[in-house]
There are 2 protein chains.
Amino acid sequence: MSAKITLKDISRNLNISISTVSRALKGHPDISEETREKVMRLAALMDYEPNTYAISLRTNKSNIFGIIVPEISNFFYHSFISAVEEESKKIGFSLLILQSGNDPLVEAENIRLCRLNRVAGVLISVAASSKDMSRYQKLEENGVPIIFFDKVPDVDACNKVCLADEDAAVLAATALQKKGKQHILAIFGHPDISITQKRKLAFINAMEKNKQAKLIIAHAGSSRESFEITKTAFLASQQPDAVFCMSDEILTGTMKAMQLLKINIPNDTGIISISNDDFIPHLYEPEITYIETSGYQLGKLAFERISDYMSGKKFYRELILPSKLVEGNSL
Amino acid sequence: MSAKITLKDISRNLNISISTVSRALKGHPDISEETREKVMRLAALMDYEPNTYAISLRTNKSNIFGIIVPEISNFFYHSFISAVEEESKKIGFSLLILQSGNDPLVEAENIRLCRLNRVAGVLISVAASSKDMSRYQKLEENGVPIIFFDKVPDVDACNKVCLADEDAAVLAATALQKKGKQHILAIFGHPDISITQKRKLAFINAMEKNKQAKLIIAHAGSSRESFEITKTAFLASQQPDAVFCMSDEILTGTMKAMQLLKINIPNDTGIISISNDDFIPHLYEPEITYIETSGYQLGKLAFERISDYMSGKKFYRELILPSKLVEGNSL
DNA sequence: TTTTCCCCCGCAAACGTTTTCGCAATCAAT
DNA sequence: ATTGATTGCGAAAACGTTTGCGGGGGAAAA
């Protein structure tokens with residue numbers, strides 16, 4: 001049980017005051033080069049590690065970011081978290097990861113936890129699309145920066161980093177047109193969530209330019225539903241010559257149907273999706289052509305924003321991460 | 001900037017001492033029912049939230065578990081973390097999640113971080129299969145319980161929770177025999193890692209009972225490699241009538257080859273794998289028959305062990321999570 | 001010589017708790 | 001009435017830092 005060594009230990013050992021040790025360790029200009037050297041050396045030798053709790057108590061700050069997501073078991077949030085973790089580590093920060101399970105109550109509780117732990121900042125993808133910002137504002141009043149990402153509140157006065165949802169849909173539509181697809185099954189997510197609405201609108205608009213193409217719009221709340229939708233569509237008299245899947249989850253359902261019906265891709269039909277990572281699209285043969293909206297990249301962006309905020313750039317901004325087409329062989 | 005209210009605020013308000021307030025709040029027997037009530041009520045009213053840093057400084061404890069995994073972007077660790085998070089929340093604990101990237105140096109640094117943050121306990125899946133336990137022991141000397149899970153050190157004097165690796169392989173072998181498979185391609189992971197060795201040994205042993213079956217053993221370090229191995233095997237003159245995949249990663253590679261070669265499952269060939277979750281096996285049509293070794297369940301088990309430890313059961317134990325066969329339609 | 005200035009450094013308070021010790025009051029037992 | 005135990009509470013130290021203020025000493029300016 002090697003007792004933790006403290007500033008006091010060092011000061012006693014060197015016959016100088018605690019304050020001098022403290023200042024020396026953090027390069028305060030008041031301290032002479034000579035004593036600074038001395039202190040530094042001894043601290044290293046004694047394996048001194050500052051007590052983060054004492055520091056936080058004194059300064060009312062911490063080296064922890066809170067990060068709240070609907071669920072951690074999700075590729076997208078996953079890669080987001082990884083990215084933030086990588087960057088945070090570089091500046092000596094740790095992550096307090098909390099999942100809200102899409103429940104506003106749990107979310108509120110998590111925010112409370114962040115307050116309790118005096119986190120230095122919060123990154124959050126909101127659960128409910130509530131317009132009630134009060135629970136978030138409490139944090140900012142205490143000087144805690146809060147960055148919304150992906151699923152963000154529908155108000156202007158906050159910091160957001162988002163994916164280019166419309167843009168991704170447009171890119172997909174363009175790719176389909178370029179291939180001359182004429183009979184397209186487009187499967188979107190649950191009609192109520194905002195991301196579905198955005199992508200659907202943008203997709204349909206972009207498709208308008210191609211008057212003669214036949215468009216079938218469908219909504220799937222789960223992988224299972226998109227499986228059924230796809231199956232039905234391809235069992236009909238006239239098969240689509242392309243499928244657009246709004247998300248990874250939908251893509252997996254569609255692909256199961258493809259396997260069941262032994263449909264040849266891309267000869268019988270083309271596939272294109274919007275995906276968060278390369279994982280799902282690379283699972284199939286041929287590999288799926290997709291529009292990437294990277295959680296990882298978004299994480300990097302969010303970290304950048306929170307760093308900027310903490311170093312003084314406290315104005316509100318919305319950052320958008322561009323998406324890009326990744327060519328597979330499925331279209 | 002609503003200043004945080006403290007014990008002092010409450011005490012002043014009630015004209016009693018800080019110590020009394022502190023004791024009242026935590027139900028100390030010294031305090032009369034009457035004042036306890038009073039204090040409780042006012043605390044609730046004033047929305048009092050204890051300062052965790054002050055508490056930790058004073059008690060040298062925290063309400064945080066450290067959890068160190070090779071990578072967080074991995075289904076298995078993922079579900080493990082989810083399970084631990086769920087349970088921890090119930091007892092008011094948070095999680096400090098760190099990834100080592102399989103680098104012993106980073107791992108050491110992460111362990112240091114756990115010490116720095118005075119975590120109440122550590123759950124770790126070790127990076128290197130090093131037998132050097134010193135860096136871990138330092139924690140236990142400080143009274144911090146450390147539970148190893150999944151990838152554990154090869155020594156007895158520590159707490160472990162593991163998957164039934166041998167068991168899973170035996171179950172798979174048995175299932176293959178029951179179906180009367182005679183020409184089996186078995187793909188394992190990288191030959192150096194311990195889990196590969198365990199599973200391979202158990203699998204081969206279990207297969208011995210079926211003398212006339214032809215067994216092809218292969219090793220794949222990645223999804224790509226298992227793709228190549230499978231392709232080659234099925235392009236040969238005599239095709240296997242079943243494939244056994246040791247892990248999800250290997251399964252994905254094999255399934256890509258199946259799609260490429262348009263092999264009919266289970267008519268042309270049967271598939272069975274060992275998987276951490278239902279996610280990957282359910283991605284295909286037909287769904288894959290697999291042996292489940294659940295990260296989620298393992299997380300629950302690990303939490304149970306660390307709770308027990310903290311409540312006094314400090315002896316060393318190794319817990320094994322049984323695995324079970326989940327029937328799909330691929331065999 | 002005196003004054004002014006700057007360079008280094010120490011004192012002590014403060015952050016919000018927990019906990020040891022002790023004290024006064026009450027009550028039961030002798 | 002004296003002792004002894006018990007009950008309910010307060011004073012104060014401690015946890016390890018940071019930081020405002022002030023002071024001693026030496027050098028430069030007067």
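Keep in mind it's a predicted model, so treat the numbers as computed, not measured. Each chain gets a letter, A, B and so on, in the order the sequences are listed, and its residues count up from 1.
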note = Here the distance between atom P of C:dG16 and atom CE of B:M46, to the nearest Å, is 13 Å

Nearest-Å distance for atom pair CG/P, residues B:L25 and C:dG16 = 16 Å

query = Is any side-chain heavy atom of B:R305 less than 4.5 Å from a side-chain heavy atom of B:L319?
reply = yes

task = Consider the side chain of A:L57, meaning its heavy atoms from C-beta on, and name the nucleotide among C:dT17, D:dT17, D:dG16 that approaches it most closely.
result = D:dG16

Got a list of protein N/O to nucleotides 19-21 of chain D N/O distances below 3.5 Å?
residue : atom : partner : partner atom : Å
D:dG20  : O6   : A:R23   : NH1          : 3.3
D:dG20  : O6   : A:R23   : NH2          : 2.9

request  = Could you check how far CD1 of B:I55 sits from P of D:dC15, rounded to whole Å?
outcome  = 18 Å

query = Is it true that a side-chain atom of B:T52 and a backbone atom of A:L116 form a donor plus acceptor pair closer than 3.5 Å?
reply = yes

remark   = From NE2 of A:H28 across to P of C:dG10 the rounded distance in Å is 14 Å

key: Contact summary for A:V144 and A:G121, nearest pair of heavy atoms   = CG1-CA, 3.7 Å

Value in whole Å for how far the C1' atom of D:dG10 lies from CZ of B:R12 = 17 Å

query = Under 4.0 Å between a side-chain N/O of B:Y53 and OP1 or OP2 of C:dA14, yes or no?
reply = no

Mutual orientation of the aromatic rings belonging to B:F149 and B:F80 [parallel < 30°, tilted 30-60°, perpendicular > 60°] = parallel

query = Do the side chains of A:P145 and A:N159 get nearer than 4.5 Å, heavy atoms only?
reply = no

Shortest non-hydrogen contact between B:I64 and A:N117, atoms and distance = CD1-ND2, 4.1 Å

ask   = For B:N15 and D:dC9, what is the distance between atoms CG and P respectively, to the nearest whole Å?
value = 13 Å

inquiry  = Please report the distance, rounded to the nearest Å, between CG in B:N51 and P in C:dT17.
reply    = 6 Å

note = Given the options A:V122, A:I147, A:I306, A:F65 meets side chain to side chain contact (heavy atoms under 4.5 Å, CB included) only with A:I306

note = Looking only at C:dT17, D:dC15, C:dG10, the nucleotide nearest the A:S17 side chain is C:dG10

key: Non-neighbouring partners of B:R12 that pass salt bridge (charged side-chain N to carboxylate O under 4.0 Å, His left out), sequence neighbours left out   = B:D9

ask   = How do B:R118 and B:I16 order along DNA chain D: which one's closest nucleotide is nearer the 5' end?
value = B:I16

ask   = Can the positive tip of A:R115 be found less than 6.0 Å from the middle of the six-membered ring of A:Y136, inside 45° of the ring normal?
value = no

request  = Mind listing the residues from residues 31-41 of chain A sitting with a heavy atom below 4.0 Å of DNA chain D? Number order is fine.
outcome  = none

remark   = Atom CG of A:L14 and atom C1' of C:dC8 are separated, to the nearest Å, by 15 Å

